[in-house]
2 protein chains.
Amino acid sequence: MDIRTRLLETAEQLFDRHGFTATGMDRLTQGAGISSRTLYKHVGNKNGLIAAVLNERDRRFHRQVETDSVDALFGALEIWLAQEAARGCLFLRAWGETGGDVPEIAEAMARHKQRMRERIDAIVVAEIGRQDDELAESIQLLFEGATHAAAYRGVATVEVARRAAHRLAGLARIA
Amino acid sequence: MDIRTRLLETAEQLFDRHGFTATGMDRLTQGAGISSRTLYKHVGNKNGLIAAVLNERDRRFHRQVETDSVDALFGALEIWLAQEAARGCLFLRAWGETGGDVPEIAEAMARHKQRMRERIDAIVVAEIGRQDDELAESIQLLFEGATHAAAYRGVATVEVARRAAHRLAGLARIA
DNA sequence: GCACATGTAAAGTGACCGTTTTACACTGCG
DNA sequence: CGCAGTGTAAAACGGTCACTTTACATGTGC
């Protein structure tokens, strides 16, 4: 496997499991099986590594969530949470741990949320046949809520979010 | 002002602004204007301080959110987020930064979420005249979602959550 | 008036932080 | 053949980490 890929996958796991600040470079190099010199050649510094991990995760997450119905959207979230463990949104966690002070990380977070919003906009159009900002924002809230509530209420809470989104879409359809 | 109160208030601010791991004990003692010896006498160690901060915040948050209508609940959240700055749920952030491995912190988080759930259960009864787990869980999802989405979409998103909760309550009322 | 609790200031503990450096091995290409 | 590129291992960098210790100043109550 490619060195950079191995590094990013290892880092994503360790960051998600133990937190960003708490995960030292030694554990990262050891986990990826590379020297620290190589790590710094590839990602510059720790914040660069965090940003790279987030951007790669965004690509992977988006690929999974690229659906065009409310059902499929929350179904994808359910699968994601079931196989990745639910510890809240990694983008918001990175942003929070760094106090919002690292531009590359803040931008990765904002970009990810914006991309999610565009996907939901498309789903709304597919569901009710027209744009509806209020509905889209509500679905994003339910999606965000499920992502975080799953950490303490379990993945089953995604089903509740899916049904609530469905009901709101139904109301929007007849409005 | 009481030393312990001053310490907890300072710590809450610094933890919220910069993250838990990133906030060193020096900055805490300096911020609170106390010696490190006194700090350790009062809270034992850093995890003890974090747990104490969370438990105090739970008390304060709950006092603000102790309402009995959907409108008032989200109104309270809006006020809270407007005056405290929205960086996501501090309980989930602490839990995530410590990898869920610190019992006192994990318990503080779970207790806080459980208390929130009980409040929402009471609100549901007040709103529709009977218990409704599905509605309560949906409202908790919207509340959680608004808390986190406010970090990147601004406090205005709380209004959207409030309206969505209202609609779902309306549906539950006629069901 | 003396013990005691509670506070301060400041130095010291060893461990670990992110990052750089030094020295060396392997590979593929002109 | 030689050399640039890419990797390793391991030590060193100065700094900061959470936490403890030492030494000293208070005020309070018996």
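Every chain is numbered from 1, with letters handed out A, B, ... down the list of sequences.
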S.K.: In terms of ring plane angle, is the pair A/H148 and B/H148 parallel, tilted or perpendicular, where the classes change at 30° and 60°?
M.R.: parallel
S.K.: Starting at CE of A/M25 and ending at C1' of D/dA10, how long is that distance when rounded to a whole Å?
M.R.: 17 Å
S.K.: Hey, is the side chain of B/T38 poking within less than 4.0 Å of OP1 or OP2 on C/dT8, counting only N and O atoms?
M.R.: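 Yes, B/T38 has a side-chain N/O under 4.0 Å of OP1/OP2 on C/dT8.
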S.K.: Keeping A/E12 on the side-chain end and A/R57 on the backbone end, is there a donor-acceptor pair under 3.5 Å?
M.R.: no
S.K.: I'd like to know if the side chain of A/T21 pairs up with that of B/E97 as donor and acceptor (distance under 3.5 Å, no hydrogens or angles considered).
M.R.: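 Result is no, nothing qualifies.
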S.K.: Scan nucleotides 20-22 of chain D against the protein and return all N/O pairs shorter than 3.5 Å with their distances rounded to 0.1 Å.
M.R.:
residue: D/dT20; atom: O4; partner: B/S36; partner atom: OG; Å: 3.0
residue: D/dT22; atom: O4; partner: B/R37; partner atom: NE; Å: 3.0

S.K.: Looking at every strand, decide which applies to B/D26 at a 4.0 Å heavy-atom threshold: base, sugar-phosphate, or nothing.
M.R.: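 Nothing: the residue B/D26, judged by heavy atoms under 4.0 Å, touches no strand.
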S.K.: Identify whether any heavy atom of A/G48 sits under 4.0 Å from a base atom; if not, whether one sits that close to sugar-phosphate; answer base, sugar-phosphate or nothing.
M.R.: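 Nothing, no heavy atom under 4.0 Å.
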S.K.: Apply side-chain contact (heavy atoms from CB on, under 4.5 Å) to residues B/R27 and B/H18 and explain how you reach the verdict.
M.R.: CA-CA 11 Å; B/R27 239 201 297 191; B/H18 303 287; 3.6 Å; yes
S.K.: How are the rings of B/F91 and B/H112 set relative to one another: parallel (under 30°), tilted (30 to 60°) or perpendicular (over 60°)?
M.R.: parallel
S.K.: Verify whether one side chain among A/E118 and A/Q114 offers a donor that lies under 3.5 Å from an acceptor in the other.
M.R.: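 Side chains of A/E118 and A/Q114: pair found under 3.5 Å.
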S.K.: Write down the distance between CD1 (B/I50) and P (D/dA18), rounded to a whole number of angstrom.
M.R.: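 Going from B/I50 (CD1) to D/dA18 (P), I get 9 Å.
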S.K.: Once you round it to whole Å, what is the distance between P of C/dT19 and CD1 of A/I34?
M.R.: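 Result: 14 Å.
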S.K.: Using a 4.0 Å heavy-atom cut-off, does B/T23 contact any base of the nucleic acid, only the sugar-phosphate backbone, or nothing at all?
M.R.: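 If one applies the 4.0 Å heavy-atom cut-off, B/T23 turns out to touch the sugar-phosphate alone, with no base involved.
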S.K.: Which listed nucleotide (C/dA9, D/dG7, C/dT19) is nearest to the side chain of A/K46?
M.R.: C/dT19
